[in-house]
Amino acid sequence: MQTDAKENKTDLTKKDFVSDQTVRWCPGCGDYMILAIMQKAFARMDHAKEEHLSVSGIGCSSRITYYLDTYGVHSIHGRAIAVATGAKLANPGLNVWVFTGDGDCMAIGGNHFIHACRRNADLNIIIFNNKIYGMTKGQSSPTTPVGLKTKTAPEGSHENPFNIGEVAIGSGATFFARVPDNNPKLLEDIMMQAYHHKGTSVIEVLQNCVIFTDGIHEQITGRDTKDDNQLVLEHGKPMIFGKDQNYGIKLNGMRLEKSALKNGTDASLVHDEGEKDPAMHLALTRMQLPGHPVAMGVIRKVEAQNYSEKVHEAIAFERETSTFKGVNDLFRSGNTWEIG
Amino acid sequence: MQTDAKENKTDLTKKDFVSDQTVRWCPGCGDYMILAIMQKAFARMDHAKEEHLSVSGIGCSSRITYYLDTYGVHSIHGRAIAVATGAKLANPGLNVWVFTGDGDCMAIGGNHFIHACRRNADLNIIIFNNKIYGMTKGQSSPTTPVGLKTKTAPEGSHENPFNIGEVAIGSGATFFARVPDNNPKLLEDIMMQAYHHKGTSVIEVLQNCVIFTDGIHEQITGRDTKDDNQLVLEHGKPMIFGKDQNYGIKLNGMRLEKSALKNGTDASLVHDEGEKDPAMHLALTRMQLPGHPVAMGVIRKVEAQNYSEKVHEAIAFERETSTFKGVNDLFRSGNTWEIG
Amino acid sequence: MAKNILAPEMRKVVVRFSGDSGDGMQLTGDMFSQSSGFAGNDLTTIPDFPAEIRAPQGTIGGVSSFQIQIGGTEIYTPGDSVDVLVVMNPAALAANLALLKPGGTIIADKDAFTPKNLKKAEYESNPLEDGTLEEFHVIQAPATSLTKEALKDLGLEMQAMTRSKNMFALGVVLYMFSRPLQNTIDFIEKKFYKKPVLVEANKRAIEAGVSFAESTEVFGRSIVIPPAKLPKGTYRNIDGNTAIAWGLLAAAENCGKNLSLSSYPITPASEILHELSARKDMGAIVFQAEDEIAAICAAIGAAFSGNLSATTTSGPGASLKSEAIGLAVIAELPLVIVNVQRAGPSTGLPTKTEQSDLNQALYGRHGDAPVVVIAASSPDDCFYYSYEAAKIAIEHVTPVILLSDTYLASGTSPWRLPENGDLKDIQVPKFKGDPGKWEPFLRQPEFLNRYWMSPGDKGFEHRNGGLEKKEITGNLTYEPLNHQKMTKIREEKIDRIASRLPELTVSGAQSGKLLVVGWGSTHGAINTAVRELLEDGEEDVGFVQFNYINPLPVNTADILGGFEQILVCELNNGQFVHYLRSKFPEFKYRQFNKIQGQPFFTSEIKAEIINTLSR
Amino acid sequence: MAKNILAPEMRKVVVRFSGDSGDGMQLTGDMFSQSSGFAGNDLTTIPDFPAEIRAPQGTIGGVSSFQIQIGGTEIYTPGDSVDVLVVMNPAALAANLALLKPGGTIIADKDAFTPKNLKKAEYESNPLEDGTLEEFHVIQAPATSLTKEALKDLGLEMQAMTRSKNMFALGVVLYMFSRPLQNTIDFIEKKFYKKPVLVEANKRAIEAGVSFAESTEVFGRSIVIPPAKLPKGTYRNIDGNTAIAWGLLAAAENCGKNLSLSSYPITPASEILHELSARKDMGAIVFQAEDEIAAICAAIGAAFSGNLSATTTSGPGASLKSEAIGLAVIAELPLVIVNVQRAGPSTGLPTKTEQSDLNQALYGRHGDAPVVVIAASSPDDCFYYSYEAAKIAIEHVTPVILLSDTYLASGTSPWRLPENGDLKDIQVPKFKGDPGKWEPFLRQPEFLNRYWMSPGDKGFEHRNGGLEKKEITGNLTYEPLNHQKMTKIREEKIDRIASRLPELTVSGAQSGKLLVVGWGSTHGAINTAVRELLEDGEEDVGFVQFNYINPLPVNTADILGGFEQILVCELNNGQFVHYLRSKFPEFKYRQFNKIQGQPFFTSEIKAEIINTLSR
Ligand SMILES: Cc1ncc(C[n+]2csc(CCOP(=O)(O)OP(=O)(O)O)c2C)c(N)n1
Ligand SMILES: Cc1ncc(C[n+]2csc(CCOP(=O)(O)OP(=O)(O)O)c2C)c(N)n1
Ligand code: SF4
Ligand code: SF4
Ligand SMILES: [Mg+2]
Ligand SMILES: [Mg+2]
């Protein structure tokens, strides 16, 4: 899927997607990387500049809309996906991206999220998962781990968190990818794959909030630990990881197990992103430390009925086959009478 | 789990749970059965009459609250679970039951549903799944199958439906059961199991709407087809089904397959409702016709942190360890000064 | 027996068809409406059916009725009380008798007055025989048996045969009003064209009814209602919800935009969603959202994307949309929000009518967030106001709330189809020049509206959202004075629309003792009441109905100021009068409020006017 | 240099501490407030910090300030303009200079006026040296270097040392106002008891500041502010959000109920949720819901279940709660809904203050759905009105909306702790008799409230919900007249509460030319303005502040009627004046509206009053 940056139909560059607004995140926030890579990726896509649409909710993450020089809607808390769905249906030619936080998407926006996964309209959704409400200064979010102290859980959170991938796939998502905010190459690649995927693409970015959850992903994303703690998936490739590429993943019953590789790569499962049955993809999204590496990359990418496409096909069909040329025909159909 | 009807602590009978309101469902509606069995089950539970609480949203199904002689809230469309969560937290001694429809719970109520599954407070949720909006006269719901003609999908639905069990388990549900509205024995048994389960219990009832989706579950629930098309699960028992008990379920990779049993039951998987890893339970909820039987009974029942319990434990702990006896101590703690 | 109030020639007649929910009364009524339209009558209809999907058969709770007023004069309401009552069973009689005028006519299917049915209707003895109906004219028609007889050789099942008895009843009524059968037969042929046996069965049943009426000479002579003097044109009968759907389609076509509708089902607004779901042939893009919040947010997405965008709902849904309406206000996006009001608060009385969401439409958002509020006043003018709502939304780049209600949604009235040029053009405010000269919150000077630039418009990429914006540029800013300025501009932008609205016209006295004021759907009842008083010689009463609520028409104060007292009639606890008081505290208001889930009766309004005059 | 406006003894002084977001200005201000409280002064404080979580260091955007007015008289506002400005860097000076009175004093950390910092603050040359500050009294304190010096042998890192320079500044100011150090030291010891080295560092920094001020004799003599004549009692400083949280705790304790709070975080209401989340020691059951709708619905569940139940939010959340508030209205459940208003519409200016959700509180629901609306008017009386809201909700079994705002939420004022018997008891309306004699909608005759029976109450099992109910029994019914009756009862029930509310009291003239009216959080500014005018000899002006909005106090009309004109001042586009006009159209209103996300300045109100008088 990796294509050369200038093989696409436009001659736009990253600069074309940098707006004139001052970026106002905390120094060191993981959001900066997502912004930069998104601008790069937009330049690589085939849509003309005026055909990109960014939609976000409310939160630190959602501010990204102002920094992207595209058409954009900074909507209301939790509702970005709903706004985006309406926009995509209204104009199926648009390249629609949703930027949202773990609170915005999984707390108040949860309903729109699961329905977007189910309907599979052609939206691309990036979730900035810092496991906290950043903008409102540090309350628990639905991805906050049990025991973490927050402003609303002063003695540690009592709530079981969501695993975003499981919720997404359980709701029907056809594309799910996960990526840390410090792997720009993978991030860009995933963005491009999401762009080309027909249907709802969900991208979870493990994003660091330097103020409220600094280091929360450190074990997974840290320089020294990342190779041992991440399994970066590639379609058709064996699931191998570890600093020395010396671990693989095996199936035991219906469970995935980490296994030390002795002789070659043959002992490990091979990743098939296109497998329709979601059992393996769900198992991959569930892997967690300790005991398992955390799966990164495109975990699931399958084809399924795409809502926006279907609706417009149905409209095209009905328009073609109808005898009504316009409203006057409609109004005059059925039982009318004349006076005068 | 089947206990004798009068082994519990109360001397209530079904009649005690019949309210004085006339039941106003269409003749033949599947809702009648759920009502009758619920009244029976309430009488078997250990709670005193004034400790049961029924909460519902809006829809034909949600009317059940008026017919149950318990404390009850007929709330607003989609919000029954939220109301119930507040009630359970407020008074953890209550036996709280939520009655909701596929529209009420999975459309407008979707967010509350996934969060209830995640939090695992001690709620019992019965979803009357008739795959349509009954009360508002026949629009698509999020469980309406693709292609079904409805008032809002005159040429057939274009939306991928939810599989309720997958959404529930993907969101963290610790108890999920499925049952057709014409199997009172199983329904009652499941209600009792849900009652005893600590945490959120989700029960999907395949309910027939005689007006708008009459016969939609017929293939699964019909007299002649039900034995071949349902796999009724029992914990610790092999997964065997078919009129002649001649089919079983096998694992192939991560997928479940229907297999003809030749010699004895040994060839079939054994159901373990308590397996924490949800892979098998998810696979069971996903089985569908043709090709697979539809799984019935308690598919998942596992223990996990229970939100309502945890909160009250924390409160009890803080109360005990605090030096504040009342608000006056709180007000006078910290920096105060005297005047006069 | 009392004097028969039916005369050979009548200006107005009210007919009510009533039977069990399964008896097809709505179709019967609908067909009689069609035939009355063809005959050149003006008319208004209203259905009345049980809240339950399927109420117990044969009981009073299960009765379904359809009322129509037809006339050789203009007709504005379905009528307070009934001249001709058709009842298909005892329950229908029990449920409706109180509505019948003394001397009115009852046409009863006498075959249905069996002991079992009488019991279900809670009759101890047969009212057709025990003198109960003395003051009425009763026609006992053996509808069931004669229908069966007429259909016997068609090979239909018994149930299908008896189900046709409603057509028998229709036949009797068609004869009664001297109606030619042809267009009714045409209607049947169209409706059942896939099932020829049903066409035949229905035809025969109608004819059997006509023959019965003719041969038994029960009516003496049949009745003639002369055609009304309606403007020339092509007409059809339309209900308020269809009219709203079609108004939006017409607006989209006029301005060359696609129509996006994003809604969630709710009584009594669902039929707009149903109709447009079936209008893919007109290119309507319809989204049944997961809830009302998703619906309006999707509508905002569609509006930003450049479509004519609407969302439709009723009270509970309108409450859920509050937050997002605020976004549309501050983002200044064109959006039509239709609230087909039902009786509240909360779930309230979901199948009943009320006008109690006015306060919410005006004030139901946090912050200072003014929107345009319009109310339709008859099923057919729902088309016009829906078109208007779209026109204002687009031309002024603003959200517009259109209020309808259960009464308009389910009632029908004849609608004169618009002809070329009847509809005012809709101008889309696009910035035509160099994008470099444009800014997201640059305004057109006359009406202060922004331009509506959307994805696809090259060079106009911009961000919009819910935070306060710098004047002109739209950049985010916390500047104190800018917020004050923008708040005032948002208000002024709405206020200036007044100059484009039609002025109010008063009927009756142009000034004097009493001005009767209504708004929205109560037009029919109030207008009829005032007309009747004028005809009775009352000279001191004027009447004005408001369709534009915010902003108010420019001559509002002038008109209110011409009267000593103002009587504001509305179906709520006094919301519009409260609004008028706060806007024009200098006048003397009285209020008449009905909060019963029911429309006004003309007689109630008349009585209240007379009362007020004598105070 | 201009005349120094500081005198040896002063009735009121306004001090503003300002520095970079990382400079600890809020803590410094807080400690100065404590010390002023101890000294017996009355005071009001307000913070002012950037909207961003972490704004760029050293820039004007990153400045964080804390303003306090202290006085030997009653103090109602943090002051319009500043007497003493403490600035820790050039950006702080640039951001705040305009607030300083001519002749005011600047205390500047001269070490921070480096070329780099000057550039970040957009200064071309050093204002401490270039004459910019001519009309002020400038004290150049080497705060950074002297602090470092004082702390050098503690083994702290450089950053930790320089971070203590705020305590140096505090020391200077404490000396300036002749404050004993002891209670400040106590405060430090309590706060940092886990880190003795920090206690030591902070103490030394303060002492360094004091020594600097003393030895350099920059002030000539230090200033004395005599204690204010405040009622006897124990005091603490409190902000509006904590006060609301504690008011609910006190109410729960008084009536012996558990407190349930169900909320979703939102600025500026979140701190109520935070405080109660930390109050498990008081038994508070706190639920952070998935959204605002879940929050209020859970609160309804808790209310039905018999707990004192509340939900807290700000404008956008209040909009989302509209539908469910309607349910609480028709179900007649006790529920406290707190809206800490921010500037709208939509996301608006989320960190700024405004009073623009009044209309929504009054009318923001579909149907006729009246609720009680109360507004607090100072940080400390937030406690009292929160207690009152709970008391009314429970005793009258009704939802109550309590309005606060950003200004009250973040400001502080001294709060006299209630002593035994200060708080009126809360009576829980339980039905005491035989359940057979009770019905779900049986009412107590005096105030028309239902009884509040809940799960656990044996024999009182019943259903409640959103559909209209039959009077008394609460059974579902579509009866037209019943709906009208119930609508009127719901209204009357709220209206009757008026008789239990304190009557309005007017300050200044009791009748005459002009009545100045405010509501909620504007009390301080308006009261101060009117007092100052009275002191100046103006005799024709009265002032009244409304805390009870619906119902209005019983003597409202009497009081309004005593004046020729009424000037309604509010921080929105005219919502309360609109409400008064509609209720009492007979009076002559003028309006003064500030819609800038900022509280009123006393001077603005004064000017407007003078203006109005001369019209
Ligand atoms: C209706 C509504 N409720 C609450 C808020 C307050 N609010 C703004 S952002 C936010 C949470 C943001 O968390 P997240 O989505 O995780 O974004 P982050 O700031 O962490 O990137 C909340 C609760 C709001 N703006 N609107
Ligand atoms: C806020 C709101 N939106 C919409 C409605 C209308 N409404 C009532 S019930 C219902 C759907 C019911 O469907 P379901 O939950 O499947 O229940 P069923 O009637 O099929 O048992 C809808 C859309 C409402 N009452 N409130
Ligand atoms: S608070 Fe956290 S998420 Fe928000 S900008 Fe700062 S670092 Fe980023
Ligand atoms: S409409 Fe369907 S679901 Fe509703 S009562 Fe009738 S049969 Fe049952
Ligand atoms: Mg976050
Ligand atoms: Mg359903």
Side-chain angles (χ1 to χ4, degrees), chain A residues 19-21 48-56 58 65-66 68-91 93-94 96 111-112 114-115 311-312 314-315 317-319 321-324 326-328 330-332 334-340, chain C residues 34 37-38 40 183 187 190 227 230-237 246 249-250 253 258 260 262 279-285 287 289-291 293-294 297-302 304-307 309 323-324 327 331 416-418 454-467 475-476:
Chain A
S19 84
D20 59 356
Q21 303 295 301
K49 182 168 169 181
E50 66 274 15
E51 293 169 343
H52 297 279
L53 175 63
S54 316
V55 185
S56 59
I58 305 288
T65 308
Y66 292 112
L68 290 165
D69 192 6
T70 60
Y71 278 101
V73 184
H74 178 244
S75 66
I76 36 185
H77 190 38
R79 315 301 173 190
I81 289 174
V83 172
T85 304
K88 181 74 192 178
L89 281 172
N91 182 348
L94 299 181
V96 181
N111 206 27
H112 314 306
I114 60 175
H115 283 272
V311 167
H312 283 277
I315 291 173
F317 176 83
E318 298 288 336
R319 291 200 97 149
T321 54
S322 167
T323 55
F324 299 159
V327 290
N328 274 327
L330 169 69
F331 298 166
R332 283 165 176 76
N335 296 284
T336 61
W337 65 86
E338 302 294 327
I339 287 189
Chain C
Q34 297 292 346
F38 268 102
N183 53 55
F187 180 97
K190 252 190 231 167
L230 297 172
K232 228 174 101 165
T234 307
Y235 283 77
R236 67 184 301 146
N237 227 351
W246 289 11
L249 287 172
E253 185 173 293
N258 288 322
S260 282
S262 309
R279 288 283 74 79
K280 295 200 174 56
D281 51 7
M282 298 278 101
I285 301 170
F287 175 48
E290 55 272 26
D291 59 28
I293 299 176
C297 288
I300 286 172
F304 183 81
S305 299
N307 283 16
S309 182
E323 189 198 11
L327 173 61
R416 191 179 148 277
L417 305 187
S454 318
D457 292 335
K458 192 172 171 148
F460 292 91
E461 293 81 8
H462 67 282
R463 274 65 56 197
N464 199 344
L467 288 161
N475 287 337
L476 304 192

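Please read all numbers here as calculations on a predicted model, not as lab measurements. Throughout, protein chains are lettered first and strands after them, A, B, ... in sequence-line order, and every chain is numbered starting at 1.
- Using a 4.5 Å cut-off between heavy atoms, S309(C) makes no contact with chain A at all.
- If you measure heavy-atom distances from A314(A) to chain C, the contacts under 4.5 Å come from both the backbone and the side chain.
- Contacts between L417(C) and chain A at a heavy-atom distance below 4.5 Å involve backbone atoms as well as side-chain atoms.
- Contact count against chain C (heavy-atom pairs under 4.5 Å) is highest for D69(A) among D69(A), V311(A), L94(A).
- Heavy-atom distances place no part of P227(C) under 4.5 Å from chain A, backbone and side chain included.
- For chain A, the nearby parts of T234(C) are the backbone and the side chain; heavy atoms of each come within less than 4.5 Å.
- Only the backbone of T70(A) comes within contact range of chain C, judged by heavy atoms closer than 4.5 Å.
- Taking CD from E461(C) and OG from S19(A), the interatomic distance works out to 12.0 Å, rounded to the nearest 0.5 Å.
- Summarising the geometry, atom CG belonging to N183(C) is positioned 10.5 Å from atom OG1 belonging to T336(A); distances are rounded to the nearest 0.5 Å.
- Contacts between K190(C) and chain A at a heavy-atom distance below 4.5 Å involve the side chain alone, from C-beta outward.
- Proximity to chain A involves both the backbone and the side chain of A324(C), based on heavy atoms less than 4.5 angstrom apart.
- Residue contact with chain C, scored on non-hydrogen atoms closer than 4.5 Å, involves the backbone and the side chain of H112(A) alike.
- For L89(A), the parts sitting under 4.5 Å from any heavy atom of chain C are the backbone and the side chain alike.
- For a residue to count as touching a neighbouring chain, one of its non-hydrogen atoms must lie under 4.5 Å from one of that chain's; by this rule L68(A) touches chain C with the backbone only.
- When each of S56(A), G72(A), G78(A) is scored by its heavy-atom pairs under 4.5 Å with chain C, the top score falls to G72(A).
- When every heavy atom of G40(C) is checked against every heavy atom of I339(A), the shortest pair comes out as CA-CD1, 4.1 Å.
- Of all the heavy atoms in L53(A) and P455(C), the pair that sits closest is CD1-CG, 4.4 Å.
- Both the backbone and the side chain of I315(A) come within contact range of chain C, each with at least one heavy atom under 4.5 Å from a heavy atom of that chain.
- L330(A) CG to E253(C) CD: the interatomic distance, rounded to the nearest 0.5 Å, is 9.5 Å.
- Note: E338(A) CD to R416(C) CZ = 10.5 Å, rounded to the nearest 0.5 Å.
- In this structure, the portion of H312(A) lying under 4.5 Å from any heavy atom of chain C is its side chain and not its backbone.
- Chain A forms the most heavy-atom pairs under 4.5 Å with one residue out of G466(C), A331(C), S260(C), S454(C), and that residue is S454(C).
- A90(A) and S305(C) make their closest contact through CB-CB, 4.1 Å (heavy atoms, listed as atom of the first residue, atom of the second, distance).
- Within the model, atoms OH of Y71(A) and CG of D457(C) stand 4.5 Å from one another, a figure rounded to the nearest 0.5 Å.
- Taking every heavy atom of both residues into account, K280(C) and R319(A) meet most closely at O-CG, 3.5 Å.
- Considering only heavy atoms from C-beta on, S75(A) stays 4.5 Å or farther from I300(C) through its side chain.
- Exactly one residue among V55(A), N91(A), V73(A) makes a side chain to side chain contact (heavy atoms under 4.5 Å, CB included) with F304(C). That residue is V73(A).
- Looking only at heavy-atom pairs under 4.5 Å with chain C, the residue among R79(A), K88(A), H77(A), Q21(A) that has the most is R79(A).
- To the nearest 0.5 Å, atom CG of residue L476(C) and atom NE2 of residue H74(A) are 7.5 Å apart.
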